[in-house]
Amino acid sequence: MEENKQSFVPPTTMFADKSLILWTLCSVLVPVLITLWCNYQRSRRQLYHKDIFCKSKHNWQDTDLFSQPTYCCVCSQHILQGAFCNCCGLCSGEDCLKKADRQFQCKEIMLRSNENDQNGMPHHWIRGNVPLCSYCLICKLQCGNQPKLCDYRCIWCQRTVHDECLESLEGEKCDFGEFKSLIIPPGYLNDISEMHKNKNIDYGKLALPFGTHWSPIIILANTRSGNNMGEGLLGEFKMLLNPVQVFDLTKVPPAKALQLCILLPDNCARVLVCGGDGTIGWVLDAIDEMKIKGQEQYIPQVAILPLGTGNDLANTLGWGAGYAGEIPVAQVLRNVMEADGIELDRWKIQIMKRGYYHLRTPKVFTMNNYFSVGPDALMALNFHVHREKTPSLFSSRIINKAVYLFYGTKDCLVQECKDLNKKVELELDGERVDLPNLEGIIVLNIGYWGGGCRLWEGMGDETYPLARHDDGLLEVVGVYGSFHCAQIQVKLANPVRIGQAHTVRLILKSSKMPMQVDGEPWAQGPCTVTITHKTRAKMLYYAGEQTDDDASSTSDQEHTRETEATDEDL
């Protein structure tokens, strides 16, 4: 009897167990079903958008949430989800995308023959969603301050007007606004197209209506550089300029994009490279190819918007150590307009493996910033290897620098590059140099190194000739290890200044050592490295935002140049 009592389970307990199992299943299945349903709806939405975007003349970008109150240009309703055009700024809800395509015209890179007017082109107005803090061209009062679709913006000159003031501008021509000296007008491209038919093109004559200060800009952006800001920047530049001037380097190589310079008058084009030091080197190599093809008169001046991790060349030329959206794109264009032209030395690095002088062709690199062998090259190599394995983890400039710090700390303990002075021989302008007990040698062309450190000038009261990027000289320094590099970067130590030279020769006698050229690292066996002058590039220097160190260095360089000019006159 006792055994039967123990095996008996009350019905209420069985019902409670079944209820618990049912609720457990529901708590697991319901989120899974909701997730699957959301994924299905998202895929349907993406297919719907893809079908529309492929056929559309607008450059649509879909968004799940607009950053500010936005109204559909078709139905005038407030929208949260929808799409906007990167070129003209048109905004539309999902249900109105097809109507928006039919009703509104996007920016045209080239006018049709029947629309071309020698006296200019009319304004192209888009209603609503005008920028914040914009003012009416007629009455000078604020525009877009009502909670509805109101007021107009010209997609070329960026001027805004109230609804009631628009009639006053009927028949007025667009002058392309603040950035008219940087924009390639659609009428200009139409004239070129017409003249190609006649086999007679005078680009200088075509540019006369735009004035003597017309210097069109070409935007070359690497969307994979640094913190992946390139894609957003492309859209903002297309809004302010002619979309034909803006190129994504992941889709169009620099050599092809720079062919636009051939359609412009001689020596008037400017190029803004949005990317890191590697992207800048890529573009400068394409410009050298233009020289080889006999297109010297079309060579543009190059400005930089730094998106990479190091950005030492951008820092040297006054464009800053990194861009994170702290200033608007319009201000970037203003800075380019104010920049001055300078020259940058470019160097040829020839690496010949030892023992194979007659059997193998040497490796040839082009250097803009610096060449190094030792701990900093080792850190770059370790970073490069891990970024190639998992590129998605290296999308932030902060994360990239943290990884560099980790590998630098590791090398302080391991010291993989010790006794470098026993493994290499160094010659400056043909003269052998006795080296102290070093772990690394760095050959500099520019003033900055290691993400913003003035390596050659250093600190303290010792006087050294200033490092310049246009004097045909290289600065050669040594470091004792990774910890010494860290001390130099925080201004607690100076490097070992070895000397300056027009030609540098380094012989790696034994073992394998890490090397790098402008942040591109590799492991190199016994070889002979020869660095000689190659050419000079036309760059743009911006002096608007300098630190105290930058200002003092610039004034010292200007004083040096004045002294040299005076000596030549005497």
Side-chain angles (χ1 to χ4, degrees), residues 56-61 73 84-91 100 103-138 143-144 151-163 165-193 206-211 213-219 233-247 260 263-264 268-270 272 328-334 336-337:
S56 176
K57 294 181 180 179
H58 290 273
N59 188 23
W60 293 113
Q61 296 289 324
C73 293
F84 62 94
C85 177
N86 261 345
C87 296
C88 65
L90 186 72
C91 298
Q103 293 182 18
F104 298 98
Q105 189 177 13
C106 192
K107 264 186 177 179
E108 289 196 342
I109 63 175
M110 186 172 71
L111 291 178
R112 292 185 289 270
S113 298
N114 59 346
E115 293 179 344
N116 193 27
D117 186 354
Q118 294 295 330
N119 297 321
M121 58 179 287
H123 289 283
H124 186 158
W125 300 107
I126 293 290
R127 188 164 187 251
N129 305 307
V130 301
L132 299 175
C133 301
S134 54
Y135 293 88
C136 178
L137 177 63
I138 303 300
C143 289
D151 304 333
Y152 289 85
R153 176 183 60 86
C154 175
I155 62 176
W156 285 105
C157 65
Q158 309 303 323
R159 293 188 175 98
T160 56
V161 293
H162 291 118
D163 293 327
C165 296
L166 185 62
E167 294 181 2
S168 304
L169 294 173
E170 187 174 354
E172 182 176 314
K173 301 298 182 181
C174 179
D175 64 354
F176 298 100
E178 180 182 3
F179 302 116
K180 60 184 177 182
S181 64
L182 302 179
I183 295 175
I184 300 177
Y188 177 82
L189 297 176
N190 180 77
D191 292 338
I192 290 177
S193 179
L206 289 178
L208 287 177
F210 312 127
H213 297 292
W214 187 54
S215 55
I217 189 170
I218 300 172
I219 309 296
L233 288 170
L234 285 173
E236 294 188 58
F237 281 118
K238 287 179 180 178
M239 289 274 289
L240 297 175
L241 305 170
N242 190 332
V244 77
Q245 301 172 237
V246 184
F247 296 91
L260 182 58
L263 303 179
L264 301 172
C268 80
R270 295 187 175 194
L272 176 62
V329 167
Q331 185 58 47
V332 173
L333 293 178
R334 294 186 192 104
V336 174
M337 293 168 67

Response to the item:
Contacts of W125 meeting ring pair (Phe, Tyr, Trp, His ring centres under 6.0 Å) (sequence neighbours excluded), chain-then-number -> H123
Worksheet item: Do C143 and H162 have side chains that get closer than 4.5 Å, going by heavy atoms?
Response: yes
Worksheet item: Rounded to the nearest 0.5 Å, what separation is found between the CD1 atom of I184 and the CD1 atom of I109?
Response: 10.0 Å
Fill in: Whether H58 side chain and F104 backbone form a donor-acceptor pair below 3.5 Å
yes
Discussion item. Holding to salt bridge (Lys or Arg N to Asp or Glu O under 4.0 Å), I want the full list of residues that pass it with E178, two or more places apart in sequence or in another chain.
Written reply: R334
Practice prompt. Calculate, to the nearest 0.5 Å, the distance between atoms CH2 and CG belonging to W214 and L208 respectively.
Written response: 10.5 Å
Worksheet item: How close do R153 and P131 get, heavy atom to heavy atom, and via which atoms?
Response: CD-CD, 3.7 Å
Worksheet entry | Audit row: N129, C73, side chain to side chain contact (heavy atoms under 4.5 Å, CB included) steps and yes/no | CA-CA 9 Å; N129 305 307; C73 293; 4.0 Å; yes
Worksheet item: Which residue, L233, V336, L241, V329, forms the side chain to side chain contact (heavy atoms under 4.5 Å, CB included) with I219?
Response: L241
Worksheet entry | Taking every non-hydrogen atom, the tightest pair across M110 and N190 | CG-N, 3.5 Å
Worksheet item: Do D163 side-chain atoms and D151 backbone N/O form a donor-acceptor pair below 3.5 Å?
Response: yes
Worksheet item: Closest approach of P185 and N242, non-hydrogen atoms and distance?
Response: C-ND2, 4.3 Å
Worksheet, complete the sentence: Value for SG (C136) from OH (Y152), rounded to nearest 0.5 Å, stands at 12.5 Å
Worksheet item: How far does SG of C106 sit from NZ of K238, to the nearest 0.5 angstrom?
Response: 9.5 Å
Worksheet, complete the sentence: Closest non-hydrogen contact found for Q245 with I217 is NE2-O, 2.6 Å
Discussion item. I'd like to know if the side chain of Q158 and the backbone of G177 have a donor-acceptor N/O pair within less than 3.5 Å.
Written reply: no
Worksheet item: Can you name the residues that form a side-chain contact (heavy atoms from CB on, under 4.5 Å) with Q61, not counting sequence neighbours?
Response: N59, F84, N86, E231
Worksheet entry | Side chain proximity check, F210 to P216, heavy atoms < 4.5 angstrom | no
Worksheet, complete the sentence: Nearest heavy-atom approach of A330 to F179 is O-CZ, 3.4 Å
Worksheet entry | Spacing of D191 atom CG and L206 atom CG [to the nearest 0.5 Å] | 5.5 Å
Discussion item. To check you understand the geometry: which heavy-atom pair defines the closest contact between K107 and C88, and what is its length?
Written reply: N-CB, 4.2 Å
Practice prompt. Answer whether the closest heavy-atom distance between the side chains of R159 and D175 falls below 4.5 Å.
Written response: yes
Practice prompt. For the residue pair Y188 and I183, establish whether any side-chain heavy-atom pair is separated by less than 4.5 Å.
Written response: no
Discussion item. Please report the interatomic distance CD(E167) to CD(E170), rounded to the nearest 0.5 Å.
Written reply: 7.5 Å
Discussion item. Under a 3.5 Å distance rule, please check whether T160 uses its side chain to pair with a backbone N or O of Y135 as donor and acceptor.
Written reply: yes
Worksheet item: Is there a side-chain contact between L182 and M337, using heavy atoms and a 4.5 Å cut-off?
Response: yes
